[in-house]
Amino acid sequence: MDLGIRDKVAIVTGGSSGIGRECAIDLAREGVKVAFVGRDQPRLQETLAMTRDAGTEGYAVTADLSNEEGCASAVEACISHYGTVDILVNVAGAAQPAPVLTMPAGAVQTGLDLKFFGYMRMAQLVAPYMQAKGWGRIVNVAGAAGSSPTTENMPTSLANITVMNLTHALSDALAGDGILVNVVCPGGVDTPRTHARYAARAEREGKPIEDVIAELGKDLPAGRIARADEVAKMVTFLSSEPCSYVFASAIYMDGGGRRATP
Ligand SMILES: NC(=O)c1ccc[n+]([C@@H]2O[C@H](COP(=O)([O-])OP(=O)(O)OC[C@H]3O[C@@H](n4cnc5c(N)ncnc54)[C@H](OP(=O)(O)O)[C@@H]3O)[C@@H](O)[C@H]2O)c1
């Protein structure tokens, strides 16, 4: 399928690792010029080499997206390098689990600063460029945890549910301008961040990490957790021209784990 996005310009946040990095690489494979954002210079340089190998050299942008200045500087860097922006993929996130009975408010605030306010600001900053052309795609990566609160995951769960709400409101505001806004909600995905958690659990339980990862997926209809490149494929489709009638949708990529329609 021709995705019709060759030479379009994308900003991908969280591009130095995990799902965001795979999104940057997959869009580069489709000929998209990708400005990808993170804070870790060496890992951003690794992503740059990977986009080059994928066929379209990207542009590494260093910014902290948990504050207003960082978001503004990231968008400015993309505009001064590529002159415009057609696609925004919001991925950067890092909320930590915390037990609900003892978690400090700060644990929730940190998650919201980066994920809700960061995603919101990035969308607000890129929207005028897309509105001026009457074409745009915004894809938010939230998480299935947004509709599955547990005693341990409130900071993550809250951050994700706010992104789902934001997606709907942005979609309503921008649909008339030819801008499609959707959200992808992965379940478990093996990325550097989660891999470190799986490694700690393997150590605690005295078993190989492969066994821990297999156990996480064994009760899912899919029988396994996801790879980051599988999430990226969905993001690329939602960023594409043939994706022309998907509005305000939450696409669950949780291996069939959810037991209710969100
Ligand atoms: N992995 C999963 O199981 C899973 C499941 C559901 C949803 N998700 C969501 O998917 C997204 C990516 O997760 P991941 O597992 O791929 O994590 P990851 O490998 O740790 O990547 C997180 C990315 O976010 C960036 N980031 C973190 N804090 C930042 C900040 N203050 N400013 C700018 N960039 C920042 C990191 O870049 P730097 O470190 O360079 O700043 C990195 O590129 C998150 O939003 C997460 O909630 C993941």
(request) Take the angle between the ring planes of Y59 and H81 and call it parallel below 30°, perpendicular above 60°, tilted in between. (result) parallel

(request) Look at E230 together with R224 and state whether they make a salt bridge at an N to O cut-off of under 4.0 Å. (result) yes

(message) Using a strict threshold of under 4.0 Å (side-chain N to carboxylate O), is an ion pair present between D211 and K207?
(response) no

(request) Scan V184, V183, L180 and name whichever one has a side chain to side chain contact (heavy atoms under 4.5 Å, CB included) with V139. (result) V184

(message) Are V12 and L27 packed together at the side-chain level, in the sense that at least one heavy-atom pair is separated by less than 4.5 angstrom?
(response) yes

(message) Quick one, Y198 and I225 - any side-chain contact, counting heavy atoms below 4.5 Å?
(response) yes

(request) State, yes or no, whether a side-chain contact exists between I138 and M130 at a heavy-atom distance under 4.5 Å. (result) yes

(message) Check this for me: Y129, atom OH, are more than 12 non-hydrogen atoms of other residues, nucleotides or ligands nearer than 6.0 Å?
(response) no

(request) Look at atom CD of E152 and say whether more than 12 heavy atoms of other residues, nucleotides or ligands are closer to it than 6.0 Å. (result) yes

(request) Could you tell me whether the side chain of D177 reaches within less than 4.5 Å of the side chain of L174, counting heavy atoms only? (result) yes

(request) Using a strict 4.0 Å threshold on nitrogen-to-oxygen distance, state whether R121 and E69 make a salt bridge. (result) no

(message) If the threshold is 4.0 Å, N to carboxylate O, is there a salt bridge linking D86 and K133?
(response) yes

(message) Can you confirm whether V89 sits close enough to T13 that some side-chain heavy atom of one is under 4.5 Å from a side-chain heavy atom of the other?
(response) no

(request) For S73, check side-chain contact (heavy atoms from CB on, under 4.5 Å) against everything at least two apart and list the hits. (result) A63

(request) Side-chain contact test, heavy atoms from C-beta onward, threshold under 4.5 Å: evaluate it for R193 versus S17 and give yes or no. (result) no

(request) Could you check N90, N160, N182 and say which one makes a side chain to side chain donor-acceptor pair (under 3.5 Å) with N140? (result) N90

(request) Not counting sequence neighbours, list each pair that qualifies as a salt bridge (Lys or Arg N to Asp or Glu O under 4.0 Å) and has a residue in residues 10-31. (result) R21-E46, D26-R29, D26-K233

(message) Please enumerate all residues that pass ring pair (Phe, Tyr, Trp, His ring centres under 6.0 Å) together with H195, with sequence neighbours excluded.
(response) none

